[in-house]
Every structure is written in C-alpha cells, then in structure tokens.
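Atom set for the values below is all heavy atoms of this structure, side chains included, hydrogens, waters and symmetry mates excluded. For the single chain, residues carry numbers from 1 onward in sequence order.
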Amino acid sequence: MFLVTGATGGIGRRVVRLLRQQEKSVRAFVRLTSPYSELEHRGADIFIGDLQLQKDIQKACQGVQYIISAHGSDGDALSLDYRANIELIEQAKVNGVQHFVFISVLGADRGYEDAPVFKAKRAVEQYLQASGLNYTILRPAGLASNLLPLAERFRETGLYLLIGDPKNRTSIVSTDDLARIVVDSVTVEGARNHILSVGGPEILLREDIPRIFSRVFSKEPIVINSPLFVVDGLRSAFGLFNPQAQKALGTYRTLLSNEFFCTKEEIANLEKIFNFQLETLESFLRRYLAV
C-alpha cells in the first residue's frame, strides 16, 4: 500500500493515477474540500484528513509500505512543509515503511534565509537522511503544469508577465515525468538513499518561455517585464496586516530572483538512472493544450 499526501495536487494526482495504472494499492490523503472524485473513480482508497493533525497522520500511515510526500504548504511552511513531514517520517519508522519519497525543491540546500519553504524542506531532508529509513529525495525545478494557466491566458491575450531578470536560467520538468520518477524511485536501485535534482532536458532562459508559447500558439508575444521591486512593495504592504502572506512572498521573491536549473550532467544522470528520455516543455504544452 502506498500513502500519497497532496494527492489532489499537480504532482500527487499524477502519482496516484500512475500507481493505479500499475494496479498498486494507494491511499490518497486528501482534505474534505479537495476535488478527489477522479482518485476515487480510479480505485484509490480515500483518506480524508488534515496534515496539521497528528492523529490523522498516525491513522493514515497504518498498514502502508511506501510513503510519498507530495503535499505543498499553502503558505504555512512551518505546519505543512516541516511539522507534517516530520510526523510522516516518525510514523514511517513506527510502521516499518520500506521506502519514503520526499518531494523537496531545487535549491533547498542554498540557505535562502528569506524563503520559509526552502528552509523547511531542507530541515526535512536532513531529518529523513538521519531517520534510518530507505529514502529518495527529489528536488524538482519548475513544474510544467504550473505554466498551463499562463499558457491559456497567453492563448487568449498574447500577454506574458515576466517579473525579474529575463536572463535567469531555469529547468522546467514535465510534471508527468516527475510523477514517473517518483513512482519508480521505490524500486530503482540508483535512486535509493539519494538526493536527485530533477529538471527538464533543456536549460532555458526565463525569456524563452513566452517564445515557446509563441511557437505553440503561432502568436507574437507581448512581454511585460516587471522589476522585482514590485514584489518588494507588496511584501511591505502585506507585512502591515498579514505576516504569513509576507513570508510566502519571501519564498516567491526567492524563486523570481535566483536561477533554478539542472546541469546537463545532472539530467544525463537522471535519464540514466530511470532509463527514459525527459520531455521538453514545448512537448508537454502541446500535449495538454491539444495544439
């Protein structure tokens, strides 16, 4: 039995789908308000709970052999990115879990002081490494699925908002490829007890993304390049009445102001370990947008 947290998210939903296609037993940890009907239809065992409640995590982990932590934080890095994962690791030890897959973030080890999610992910990585469990830690760069709403808006308007340096490099990984890597990590020997950076097969400049949209839709892009001080202004304003939103914007600013890409050597190693060729961003977009 696999336990998948964040099962209705972009990564988790694809992981559950893939596991069920392989006829594996899956327990999908979801919130009551989440859209989980697809997972139920595919035959997943639906566990409705709250990752901020220790008793729910304890109950969800009973009788599972594999745990895949794919949930995000919704802006609450301390409760969800950190505490929930620590409790999942502890329950994995109690229940004799055979393998724990943790989806971290590229750059978690760089010490970004202004990014709570990065700090929480790194602390969990270290805790998992010291736990005695078999593990795989995956550090994805940007997810292709996150660009789908931007692509749809571009299709309608031709507009693309680019905040910060357009020359910053990035690696956009197909979310389907990431799901396959997550699932295969429990059986592929080269992934056992390793931290792996996960990106797409191309190192892109951020300004390349609207150009890819332009090719996909045969539409000339109108790029609005906004400076980072716009985000700084928002952070200052939120800080007056919503400190949590201010912290979340700190993570957002970190993502905008730094480079997050995998080297060609890292990608070649990833393709060798998992024995398949990674999909380009343009191919992913064409598949999902039926272009």
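To the nearest 0.5 angstrom, Asp208 atom CG is 4.5 Å from Leu205 atom CG. Here the straight-line distance linking atom CD1 of Ile46 with atom CG of Leu32 works out to 12.0 Å at 0.5 Å rounding. Taking CD1 from Ile172 and CG from Leu281, the interatomic distance works out to 6.0 Å, rounded to the nearest 0.5 Å. Taking CG of Leu106 as the reference point, atom CG of Leu196 lies at 11.5 Å (rounded to 0.5 Å). Ser218 contributes atom OG, which lies 11.5 Å from atom CZ of Arg155 (distance to the nearest 0.5 angstrom). Atom CD1 in Ile67 sits 8.0 Å away from atom CG in Leu133 (nearest 0.5 Å).
No side-chain heavy atom of Glu271 sits under 4.5 Å from any side-chain heavy atom of Phe276. In this structure, Ile267 and Thr263 have side chains that are not in contact, with every pair of non-hydrogen atoms separated by 4.5 Å or more. Taking 4.5 Å as the limit, every side-chain heavy atom of Lys219 sits out of range of all side-chain heavy atoms of Ser214. A 4.5 Å side-chain heavy-atom check between Ile103 and Ser69 finds every atom pair outside the cut-off. For the pair Leu204 and Phe261, the minimum side-chain heavy-atom distance is 4.5 Å or more. In this structure the side chain of Leu150 reaches within 4.5 angstrom of the side chain of Phe213, judged on heavy atoms. With a 4.5 Å cut-off on side-chain heavy atoms, Leu148 and Leu285 count as touching. In this structure, the side chains of Asn258 and Asn168 stay at 4.5 Å or more apart for every pair of heavy atoms.
When every heavy atom of Phe217 is checked against every heavy atom of Ala151, the shortest pair comes out as CE1-O, 3.4 Å. Here the shortest heavy-atom pairing between Leu278 and Gly199 reads CD1-O, 3.5 Å. Taking every heavy atom of both residues into account, Gly10 and Thr175 meet most closely at O-CG2, 3.7 Å. The minimum heavy-atom distance between Leu3 and Cys61, with the atom names listed, is CD2-SG, 3.8 Å. Pairing each heavy atom of Pro149 with each of Ser145, the nearest pair is CD-O, 3.7 Å. Shortest non-hydrogen contact noted between Ala84 and His71 is CB-NE2, 4.0 Å.
Checking Ser79 against Asp76 by side-chain atom types alone, a donor-acceptor pair falls below 3.5 Å. Looking only at atom types and distance, the side chain of Glu202 has no donor-acceptor partner in the side chain of Thr280 under 3.5 Å away.
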In sequence, state the C-alpha distance, the side-chain angles, and the governing distance for Glu282 and Arg286, and then conclude on salt bridge (Lys or Arg N to Asp or Glu O under 4.0 Å). CA-CA 6 Å; Glu282 185 166 341; Arg286 289 186 182 278; 3.1 Å; yes
Audit row: Ser226, Leu161, side-chain contact (heavy atoms from CB on, under 4.5 Å) steps and yes/no: CA-CA 7 Å; Ser226 177; Leu161 177 62; 4.0 Å; yes
Under the side-chain contact (heavy atoms from CB on, under 4.5 Å) rule, what do Leu80 and Gln52 come out as? Steps first, then yes or no, please. CA-CA 7 Å; Leu80 292 168; Gln52 297 184 77; 3.8 Å; yes
Pair Arg180, Asp177 - check salt bridge (Lys or Arg N to Asp or Glu O under 4.0 Å), show working. CA-CA 5 Å; Arg180 180 174 173 180; Asp177 284 352; 5.8 Å; no
side-chain contact (heavy atoms from CB on, under 4.5 Å) for Arg206 and Leu256? Distances and angles first, verdict last. CA-CA 10 Å; Arg206 292 182 62 220; Leu256 292 174; 3.6 Å; yes
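One hydrophobic cluster, built from ILVMFWY side chains closer than 4.5 Å, cannot hold both Val117 and Tyr82; they sit in different ones. Two different hydrophobic clusters hold Val64 and Val4 under the rule that ILVMFWY side chains link at heavy-atom gaps under 4.5 Å. Follow the hydrophobic side-chain contacts under 4.5 Å out from Leu143 and you never reach Ile163; the two are in separate clusters. Connection of Ile209 to Val173 is not established within any shared hydrophobic cluster, with ILVMFWY side chains joined at heavy-atom distances below 4.5 Å, either directly or through further cluster members. In the hydrophobic clustering of ILVMFWY residues, with side-chain heavy atoms under 4.5 Å counting as a link, Phe47 and Met1 come out together.
A donor-acceptor contact shorter than 3.5 Å is absent between the side chain of Ser34 and the backbone of Tyr36. Using a distance-only test at 3.5 Å, with no hydrogens or angles considered, a donor-acceptor pair links the side chain of Asn85 to the main chain of Asp81. In terms of modelled atom types and a separation under 3.5 Å, the side chain of His41 and the main chain of Leu39 share no donor-acceptor contact. Panel note: side chain Asn225, backbone Leu162; a donor-acceptor pair is recorded below 3.5 Å. Formation of a donor-acceptor pair under 3.5 Å by the Arg83 side chain with backbone atoms of Leu51 is not found in this model. Judged by distance alone, the side chain of Ser185 and the main-chain N or O of Ile181 form a donor-acceptor pair under 3.5 Å.
The pair Arg153-Glu156 does not count as a salt bridge, with every side-chain nitrogen at least 4.0 angstrom from each carboxylate oxygen. Salt bridge present: Arg211 and Glu207 bring a charged side-chain N and a carboxylate O closer than 4.0 Å. By the 4.0 Å N-to-carboxylate-O rule, Asp176 lies close enough to Arg287 to be salt-bridged with it.
Arg139 pairs in a side chain to side chain contact (heavy atoms under 4.5 Å, CB included) with only one of the listed residues (Ile195, Val105, Val198), which is Ile195.
In this structure, Tyr160 has its ring center at least 6.0 angstrom away from the ring center of Phe154.
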Donor-acceptor pairs under 3.5 Å, side chain of residues 91-102 to any protein atom, not counting sequence neighbours: which ones?
from  : atom 1 : to     : atom 2 : distance (Å)
Gln91 : NE2    : Glu87  : OE2    : 3.0
Lys93 : NZ     : Glu90  : OE2    : 3.3
Asn95 : ND2    : Gln91  : O      : 2.8
Gln98 : OE1    : Tyr66  : OH     : 3.2
His99 : NE2    : Thr136 : N      : 3.4
His99 : NE2    : Thr136 : OG1    : 2.8

Ignoring hydrogens and angles, write down the donor-acceptor pairs under 3.5 Å from the side chains of residues 16-29, residues two or more places apart or on other chains.
from  : atom 1 : to    : atom 2 : distance (Å)
Arg17 : NE     : Glu38 : OE2    : 3.1
Arg17 : NH2    : Glu38 : OE2    : 3.1
Arg20 : NE     : Arg42 : O      : 2.8
Arg20 : NH1    : Lys24 : O      : 2.8
Gln22 : OE1    : Lys24 : NZ     : 3.3
Arg27 : NE     : Asp45 : OD2    : 3.1
Arg27 : NH1    : Ala60 : O      : 2.7
Arg27 : NH1    : Gln62 : O      : 2.8

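Remark: Arg110 fails to qualify as a cation-pi partner of Phe118 under the 6.0 Å distance and 45° angle criteria applied to the six-membered ring.
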